[in-house]
Amino acid sequence: MLDIRLIREQPDFVKEGLSKCGVAPDKVDEVLRCDEERRAIETEVSELRAKRNAGSKEIGKLADNEAREAFKTEMRLIGDKISELDLRRNELEEIQSDLMLAIPNIPDPEMPIGADDRDNPVVRVEGEPRKFDFTPKPHWEIGTDLGILDIERGVKISGSRFYVLKGLGAALQRALISWFLDVHIQTQGYTEIYPPFVVKEECLFGTAQLPKFRDNQYHDVEDDLWLVPTAEVPVTNLHREEILDPGSLPIKYVAYTPCFRREKMSAGRDVRGIKRGHQFDKVEMVKMVKPEDSREELISLLDDAEEICRQLKIPYRVVEVCTGDKGFANVRQFDLELFAPGQGENPGDGEWLEVSSCSNFTDYQARRANIRFRREQGAKPEFVHTLNGSGLALPRVMIAVLENYQNADGSVTIPEVLRSYMGGKEVITKA
RNA sequence: GGAGAGAUGGCUGAGUGGUCUAAAGCACCCGCCUGCUAAGCGGGAGUAGGGGGUAUACCCUUACCUCGGGUUCGAAUCCCGAUCUCUCCGCCA
């Protein structure tokens with residue numbers, strides 16, 4: 001959520017910033033109108049209450065019964081007026097809150113301006129795509145032939161966009177998860193979190209998946225719980241409604257969770273293979289930092305994610321996301337894309353697969369989730385800045401590993417960093 | 001799932017309709033004093049909103065005792081509902 005004071009005091013700045021990501025300026029005017037009326041009523045109610053509080057105190061002291069009754073009647077009338085104004089105030093409060101929740105964060109001045117993902121500049125490309133002396137196959141062929149990926153049975157038991165990993169396929173994914181976590185924990189200073197995979201609704205409002213992306217969430221009606229679409233949700237909300245003690249920042253968490261998404265918006269897209277499923281695994285880094293540090297922390301977060309790509313020895317590129325394509329709550333965003341030689345229009349074209357998205361949310365999520373900190377004992381609470389980034393998303397890393405490390409005979413070499421996680425095995429061959 | 005108990009400030013914990021403007025203690029900040037590892041004394045201090053203003057000061061005011069309703073001139077306190085926690089029983093990986 002944006003700061004209402006910023007909207008009040010610098011409406012033109014807010015409008016201009018939001019226009020870069022396609023938000024009409026009258027959204028801001030609506031908020032201002034609502035805010036003004038609400039404050040006027042607030043003042044009136046506040047004065048009436050003061051009057052009643054004083055009056056009620058007098059009644060307690062009055063001895064004369066008649067005067068007492070008359071006074072009571074007077075106070076009752078004030079009370080009625082208060083209830084009436086309260087109704088309108090609550091109404092306005094709700095309208096304003098709904099409006100505020102639907103306004104995205106204002107892009108950082110450094111965020112490139114653009115209309116959609118075609119305008120996202122490539123910041124840099126790392127590593128050379130491997131030269132194949134055969135036509136590289138897509139992962140669904142490699143995986144199916146090796147007997148480690150079973151798409152048909154996934155669909156049989158759970159429907160489209162589900163698949164089953166088997167044998168060394170399942171082991172490879174588990175190895176990746178463990179190794180990702182260990183890199184972040186042991187060499188980058190993150191603390192591991194194992195959170196619940198279902199959360200209460202308010203958590204999704206906190207990180208801003210709700211209200212806008214309701215259609216993409218799995219919701220259990222019976223207990224009113226939501227399946228997490230990313231570990232960002234439970235982990236960021238760990239400190240909701242808290243004031244963190246001096247010295248506790250920066251906080252760096254890393255968590256593995258499955259992620260559940262309905263993908264209604266992507267119907268018909270990426271239906272082949274395991275690129276886009278309703279359930280996928282991901283390791284996610286979440287940081288909470290002091291406001292003045294968040295710009296730099298984004299760069300180091302990106303580097304922490306890149307470290308995985310480097311060690312995997314798979315070519316990747318860094319893309320900066322433009323204003324028209326940015327996430328709802330962030331001010332700046334970098335995506336990491338691994339090269340997958342078996343993807344693309346024609347066999348052997350290759351394609352860049354998004355495996356990470358690193359974002360700075362400034363105080364936007366912190367304000368929604370009410371996460372604050374004190375600089376010193378007794379200092380005024382301030383909102384933290386939150387950041388998060390995948391490190392990394394599993395299915396697409398699986399695709400990249402299978403396709404980059406495939407051999408002419410259909411086997412797949414296991415990347416060196418993963419071998420100790422797979423019992424020393426070096427190659428996946430047909431079982 | 002059944003029965004019962006409970007939820008008060010950063011923490012502990014009193015408070016059963018009106019000086020609650022929430023006692024007291026711990027922790028915290030400032031000052032004083034004493035040269036014994038620290039104690040004593042005095043003072044201060046919550047969060048959010050609104051109004052004023054000489055506008056980072058300061059003043060006024062409202063709300064907040066888990067949350068939401070209700071009763072009342074007036075609710076931490078009484079009533080209803082929800083949530084959460086704990087105890088016991090049952091079931092269970």
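As the structure is a computational prediction, the values presented were derived from the model and not from experiment. Each chain gets a letter, A, B and so on, in the order its sequence line appears, and its residues count up from 1.
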If you measure from the P atom in B:rG74 to the same atom in B:rG70, how many Å do you get, rounded? 12 Å
When the P atoms of B:rU77 and B:rC65 are compared, how many Å lie between them, rounded to an integer? 8 Å
Provide the distance between the two P atoms, one in B:rU54 and one in B:rG49, to the nearest whole Å. 23 Å
Between B:rG69 atom C1' and A:Asp86 atom CG, what is the distance in whole Å? 13 Å
RNA chain B nearest-nucleotide lookup for A:Arg76 and A:Lys380: closer to the 5′ end is A:Lys380
In this structure, how many angstroms lie between the P atom of B:rA82 and the CG atom of A:Asp224, rounded? 15 Å
For A:Arg240 and B:rC67, what is the distance between atoms CZ and P respectively, to the nearest whole Å? 15 Å
When rounded to the nearest Å, what value does the distance between C1' atoms of B:rU56 and B:rC41 take? 33 Å
Assert: residue with more 5' nearest nucleotide on RNA chain B, out of A:Glu42 and A:Lys57, is A:Lys57
Check every strand shown and say whether A:Arg8 touches a base, only sugar-phosphate, or nothing at a heavy-atom separation below 4.0 Å. sugar-phosphate
Would you say the side-chain atoms of A:Tyr163 and A:Asp150 include a donor-acceptor pair closer than 3.5 Å? no
Rounded interatomic separation in angstrom, taking CD1 from A:Ile82 and P from B:rG74: 8 Å
Identified pairing partner of B:rG42, criterion: Watson-Crick or G-U wobble below 3.5 Å: B:rC30
Go ahead and name the base partner of B:rU47; Watson-Crick or wobble counts if both distances stay under 3.5 Å, otherwise write none. B:rA63
Looking just at side-chain N and O atoms, do A:Glu307 and A:Gln188 make a donor-acceptor pair shorter than 3.5 Å? no
Please give, in whole Å, the distance from B:rG51 P to A:Leu48 CG? 16 Å
Between B:rG25 and B:rG9 - C1' atom distance, rounded Å: 13 Å
Apply ring pair (Phe, Tyr, Trp, His ring centres under 6.0 Å) to residues A:His239 and A:Tyr253 and explain how you reach the verdict. CA-CA 12 Å; A:His239 294 296; A:Tyr253 289 138; 5.7 Å; yes
Geometric class of the A:His278/A:Phe162 ring pair [parallel <30°, tilted 30-60°, perpendicular >60°]: tilted
Collect all protein-nucleotide pairs involving nucleotides 57-63 of chain B in which both atoms are nitrogen or oxygen and the distance is under 3.5 Å.
from   : atom 1 : to      : atom 2 : distance (Å)
B:rU61 : O2'    : A:Ser46 : OG     : 3.0
B:rU62 : OP1    : A:Asn53 : ND2    : 3.3
B:rU62 : O4'    : A:Ser46 : OG     : 3.1

Modelled atom types, side-chain donor and acceptor of A:Ser294 and A:Glu297, under 3.5 Å: no
OP1, OP2 of B:rG49 versus side-chain N and O of A:Arg5: anything below 4.0 Å? yes
Given the C1' atoms of B:rG17 and B:rC33, what is the spacing between them in whole Å? 46 Å
To the nearest angstrom, the CD1-C1' distance between A:Ile4 and B:rA48 comes to 15 Å
Would you mind reading off the distance between A:Asp80 atom CG and B:rU72 atom P, rounded to a whole angstrom? 10 Å
A:Glu426-A:Thr413 side chain donor-acceptor pair, cut-off 3.5 Å: no
For a quick test of reading the model, state the closest non-hydrogen atom pair linking A:Arg310 to A:Asp303 and the distance between them. NH2-OD1, 3.1 Å
Taking B:rA57 as the reference, what is the distance to B:rA45 when you measure between their P atoms (whole Å, please)? 15 Å
Do any N or O atoms from the side chain of A:Asn404 and from the backbone of A:Ala400 form a donor-acceptor pair under 3.5 angstrom? yes
Determine the contact category for A:Arg89: base if any of its heavy atoms lies under 4.0 Å from a base atom, sugar-phosphate if only primed atoms, P, OP1 or OP2 are that close, otherwise nothing. nothing
Could you tell me which nucleotide pairs with B:rG90 by Watson-Crick or G-U wobble geometry, both distances under 3.5 Å, or answer none if nothing does? none
With respect to the side chain of A:Arg38, which nucleotide from B:rG18, B:rG49, B:rU47 is positioned closest? B:rG49
Just name whichever nucleotide pairs with B:rA22, Watson-Crick or G-U, keeping both distances under 3.5 Å, else none. none
The Watson-Crick or G-U wobble partner of B:rG17, with both key distances under 3.5 Å, is none
Rounded to whole Å, the CD-P distance (A:Glu241 to B:rA48) equals 12 Å
If I compare all heavy atoms of A:Ile414 with all of A:Val427, which pair ends up nearest, and what's the gap? CD1-N, 4.0 Å
Sort out the partner of B:rU85 for me: Watson-Crick or G-U wobble, both distances under 3.5 Å, none otherwise. B:rA5
For nucleotides B:rC26 and B:rU83, find the distance between their P atoms and express it as a whole number of Å. 39 Å
Applying the Watson-Crick and G-U wobble criteria at under 3.5 Å, what pairs with B:rA76? Answer none if nothing qualifies. none
Considering every strand shown, what is the Watson-Crick or G-U wobble mate of B:rA57 when both distances are under 3.5 Å? none
